[in-house]
Protein chains: 2
Amino acid sequence: MSTKRITIKDLARHLELTEGTVSRAMNGYADISARTVERVRHAAVELGYKPNQNARCLATGEAEAVAYVIPQNHSSLAEPFVSQLLRGLDESLSRRGWDLLVSHSRSAEDEAEKIQRLVTSGRVSGVVLTRPFKHDNRIKLLQKAGFPFVVHGRCSACSDYSWYDIDNELAIHTAVTHLVELGHSRIAFVGAPLYYNFAFQRLEGYKSGLQTAGLDYDETIVEIAELKDEAGESAAANQLDANHPPTAFVCSSDTQAIGVLAALRTRGLTAGKDVSVIGYDGLRFGRHTNPPLTTMAQPQVQSGRELGDMLLAIIDGDSPAQHQILKRAELVLRSTAGPLRDRNYH
Amino acid sequence: MSTKRITIKDLARHLELTEGTVSRAMNGYADISARTVERVRHAAVELGYKPNQNARCLATGEAEAVAYVIPQNHSSLAEPFVSQLLRGLDESLSRRGWDLLVSHSRSAEDEAEKIQRLVTSGRVSGVVLTRPFKHDNRIKLLQKAGFPFVVHGRCSACSDYSWYDIDNELAIHTAVTHLVELGHSRIAFVGAPLYYNFAFQRLEGYKSGLQTAGLDYDETIVEIAELKDEAGESAAANQLDANHPPTAFVCSSDTQAIGVLAALRTRGLTAGKDVSVIGYDGLRFGRHTNPPLTTMAQPQVQSGRELGDMLLAIIDGDSPAQHQILKRAELVLRSTAGPLRDRNYH
DNA sequence: TGCTATCCCGAAACCGCTTTCGGAATCAAC
DNA sequence: GTTGATTCCGAAAGCGGTTTCGGGATAGCA
C-alpha cells in the first residue's frame, strides 16, 4: 500500500540527468538551462517528489526548523497565549517552508537539558524562549553555544541578544494612571513572582505610576502571586479582608484578575463599581467575565510573527543586538475599572 | 564563540575506536564489551556529544518526531484545548526522546499540501489529526500513503484507522437527560457545522436524548453555529427573541455556551435560573463565567498522552485498527443548569 | 595441542541530498 | 579558423550517523 517514497535518484533517472543536476535545478542555481529547470520542476510535481529533509539538512547544515520552548508552570487559563503565539510563529516560518517544533519541560534542569539537546542535535536552527527570569541560565547557555535565539521578554542584561518585549513598566504605569484618573488612590498591585524579569518591571511600573500621581508606595497592598486564577483570588482575599482595603487592583495577568473578580463576587462586591480591577494580557476570555475585564492587551499572533521574522534574520547572519523590539500594550477599556465611589463600600 | 559541534568522529578518535563501534556502543548493541560501552558513555557526556538527528534519522529511516496538525478556524477562545493536547502529546513523545512538530494551515488545500509534505519529507514518522470531517480527505491521503497516523475524533468510516474519541452522542444525550430531569422540555440545541463528524454525532445525541425522554424533535430550536462565542451569542439571540423560546440550551462547545450566556445577560435573564445552559469541553475558564458553566468535560492532557502512545505503537508496527479508544465525557455540574421555573419568565 | 565457539571490534557500504570542480560543447569575436 | 569566454551538465566528495559483515583474539573443551 505504501507507495515507495521517491528520491532524487528516481527523479534523475526518470529525466536521464544526474542527481546533482536535478538538485541544482530544484534549488535555483544559475548554471542550469531554463529548459532543464522546467523539465525538472514539472517532473517533480508529476512524480510528487519532495526532498528528504533529513538528507537535505544534513548536507546543508541548516535545520530549516526552529523550536519554541513552552514556559513551564503556566496556568492552563493562559494557554491561548501560547497557542496564538505558535500560530504567529508558524506563519512566519511557513513563508520559508520551515517547520516549528515545540518543547515542553517538567523542571528547570529538564529544560536546560532539552535546550542543550536542541542546540547540539542539529534538528533546529534556532529557538525562541519566553518569560525570561531575571538571571536566566538558558540565555547564557545559548549565548555560550553561539546558537541563534530570540527571547520573548527581556532579562536583566539584555543588551547583547535579541528580544521582543512589551514595555511592562509603561503598561502598568498606564494602568495605575488610569485608575488614578478615576479617583482611586488606594491601588493594590498583584505582582508575579520576582524571579521573572517582567514581574520586576511591572512592579517598577506600579511604583512609578504611584510616584507620578504623588502617591506613596505601600507594600502592604502589594501581593506577589503566581499567574493563576486561584493565586489571584487568594491575593485579593488577603487585601479585601484587611482593615483598610484597597479600592482598586492592578494585576499582572488576566488570569490573576479573574481570580480577583471571583474574590469580589464572593464578598458581594461589584467590579467596576465597588472595586476596580485591571488585568494584563488582553485574553479574549476577558470579554466574557462579569463584568467584562478592563486590561492591558498585547497582540500575541503578531508577537509570534515578529519573533519568527527576527529569529530568521539572526539565523541568516544578522547580529542579535540589532533585533530588539519594544512594543507598548494597549489599555482595553471594558467594565471592571470605574470611578471611585464617593463613600466607601463599608 | 560557537564551540565546534562535536561529532561521532571526534568521539571515536578521542577513544581510539571506530565510528561504527562508538555508534553501536551508544545504541546498546550486544557485541560491544561492557568496558567499552562504559568508556563511550562516559566520554559522550564528558565531551557533550549528542548525535546529529538529521544524520541519524537519515541512516535509520526513522524521523523520531511526529506532527500535530492544528485545526484551522478554531476560535481563539478554544485554544487551551490545543495547548493542553500538545502538552499531553509531548509528554508521551518525550519518554522516547522524540520531538513534536506543529503545523498550522490557512486553508483546506494548504492543509493537504502540508500533510503531503510531512509524509514525504521524512521529517516525521507519524501525524495526529484533529476534528475530522464527515468525509475527510486528509485521512484518505494518509491511508493511501500508508503513513502512520491517529485521529482525535472519528469520521464516518472509521473502522480501519486509529482514533481516540469522546462518545459525542452519549455526552449530549447525557446533557439533554440532565436537563429533562430538571424539568425542561423545550431544550434548544446549538450544533456545530455538520461537515464535522462530531457535530453530526452530537446532533444524534441530542435527538436520541429527546427521544428517550419522549420529547419531539423540533428543528426550529436547533441552531447550527461555528464554535465561537459570537456564533453562540447570535444563535441564542435567534432563539430567545422568537415566539416560544426554549428554557434550556445544549451547546456543542464551551465557547458557544459563553456566547449564549452573553445573550442571556443582554436580555436580563439569569443562566441557571431563567434559562439553563450546558456547554461542552470542560475548559477551565468555565469556572469563571457568571454563573459558572455547567459542561461536559473531556480531559485534554490525557487525550494528548494517549494519542501519543497510540501513534507510537502504530509506528512500531501495530495495526491501526487495533488502537481505537472511546471515552466518555463527564458532566461537570456548576451553576448554569437549574430546575425549570414554575412559571415562564415572560 | 588443536579445533570450534564466543566475544569484540574494524571496515565499508549506505541513507538522500548538496555543492564544488572540471570539462565538453556552444558561442562570440578577431 | 584559432582563441577565449559562456553555457550547461556530469562526476565525486562530503554531511554524520547506522548497520551488516567478516575476521582476529580469546576462551572452552576434548
Side-chain angles (χ1 to χ4, degrees), chain A residues 4-41 43-44 47-65 97-99 117 119-125, chain B residues 4-41 43-44 47-65 97-99 117 119-125:
Chain A
K4 199 88 177 66
R5 208 128 49 187
I6 135 154
T7 76
I8 201 172
K9 188 184 298 184
D10 303 326
L11 192 55
R13 195 161 34 212
H14 176 80
L15 291 165
E16 297 184 323
L17 287 173
T18 317
E19 303 172 29
T21 305
V22 171
S23 172
R24 286 189 317 253
M26 296 283 301
N27 292 316
Y29 276 64
D31 65 342
I32 304 290
S33 74
R35 198 182 92 85
T36 303
V37 169
E38 180 48 38
R39 280 183 65 217
V40 172
R41 291 260 163 82
L47 301 191
Y49 167 72
K50 298 264 197 315
N52 178 305
Q53 279 300 117
N54 293 316
R56 171 174 234 268
C57 297
L58 176 59
T60 61
E62 192 70 83
E64 302 189 351
W98 283 34
D99 291 312
R117 178 167 170 279
V119 170
T120 55
S121 76
R123 188 153 257 185
V124 296
S125 302
Chain B
K4 199 87 177 68
R5 206 123 55 184
I6 134 154
T7 76
I8 200 173
K9 188 184 298 184
D10 302 326
L11 192 54
R13 194 161 33 211
H14 176 80
L15 291 165
E16 297 184 321
L17 287 173
T18 319
E19 305 173 28
T21 304
V22 171
S23 172
R24 286 187 319 250
M26 294 284 301
N27 293 315
Y29 277 64
D31 65 342
I32 304 290
S33 75
R35 199 183 92 85
T36 303
V37 169
E38 179 49 36
R39 280 183 65 216
V40 172
R41 293 259 162 83
L47 301 190
Y49 168 73
K50 298 264 196 317
N52 178 307
Q53 278 304 115
N54 293 317
R56 171 174 234 267
C57 297
L58 176 59
T60 61
E62 192 70 84
E64 302 190 351
W98 283 34
D99 291 311
R117 179 167 169 278
V119 169
T120 54
S121 75
R123 189 153 257 184
V124 296
S125 303

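In what follows, every chain begins at residue 1, and chains take the letters A, B, ... in the order their sequences are listed.
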Base, sugar-phosphate, or nothing: which does [X] touch, judged by heavy atoms less than 4.0 Å apart?
X	answer
A/Ser33	sugar-phosphate
B/Gln53	nothing
A/Ile32	sugar-phosphate
B/Thr7	sugar-phosphate
A/Asn27	sugar-phosphate

What is the distance, rounded to the nearest whole Å, between atom [atom1] of [X] and atom [atom2] of [N]?
X	N	atom1	atom2	answer
B/Tyr49	D/dG17	OH	C1'	6 Å
A/Tyr29	C/dT18	OH	P	8 Å
A/Arg123	D/dC15	CZ	P	21 Å
A/Ile8	C/dT19	CD1	P	11 Å
B/Arg56	D/dG17	CZ	C1'	9 Å
A/Arg13	D/dC9	CZ	P	20 Å
B/Asn52	C/dT18	CG	C1'	15 Å
B/Asn54	C/dT18	CG	P	13 Å

List the atom of [X], the atom of [Y], and the distance in Å for their closest heavy-atom pair.
X	Y	result
A/Cys57	A/Ala63	SG-O, 3.3 Å
B/Arg5	A/Thr120	CD-O, 3.8 Å
B/Tyr49	B/Leu11	CD2-CD2, 3.6 Å

Q | B/Thr18 vs C/dG10: side-chain N/O to OP1/OP2 distance below 4.0 Å | A | yes
**Q.** Side-chain N or O of A/Thr21 closer than 4.0 Å to phosphate OP1/OP2 of D/dC9
**A.** no
(Q) Can you work out whether B/Thr60 or B/Asp31 has the more 5'-proximal nearest nucleotide on DNA chain C? (A)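 The 5'-side residue here is B/Asp31.
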Q: Give the nucleotide from the list D/dG14, C/dC8, D/dG16 with an atom nearest to the side chain of B/Thr36.
A: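 Between D/dG14, C/dC8, D/dG16, the one nearest the side chain of B/Thr36 would be C/dC8.
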Q | Proximal nucleotide (of D/dT19, C/dT18, C/dC15) relative to the B/Ser23 side chain | A | D/dT19
Q: Spell out yes or no: do the side chain of A/Arg24 and the base of D/dG10 have one donor N/O and one acceptor N/O closer than 3.5 Å?
A: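 Yes, the side chain and the base share a sub-3.5 Å donor-acceptor pair.
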(Q) Could you check whether A/Arg123 pairs with B/Glu64 (Lys NZ or Arg NE/NH1/NH2 to Asp/Glu carboxylate O, under 4.0 Å)? (A)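 B/Glu64 and A/Arg123: not salt-bridged.
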Q | A/Arg117 and B/Asp99 ion-paired at < 4.0 Å | A | yes
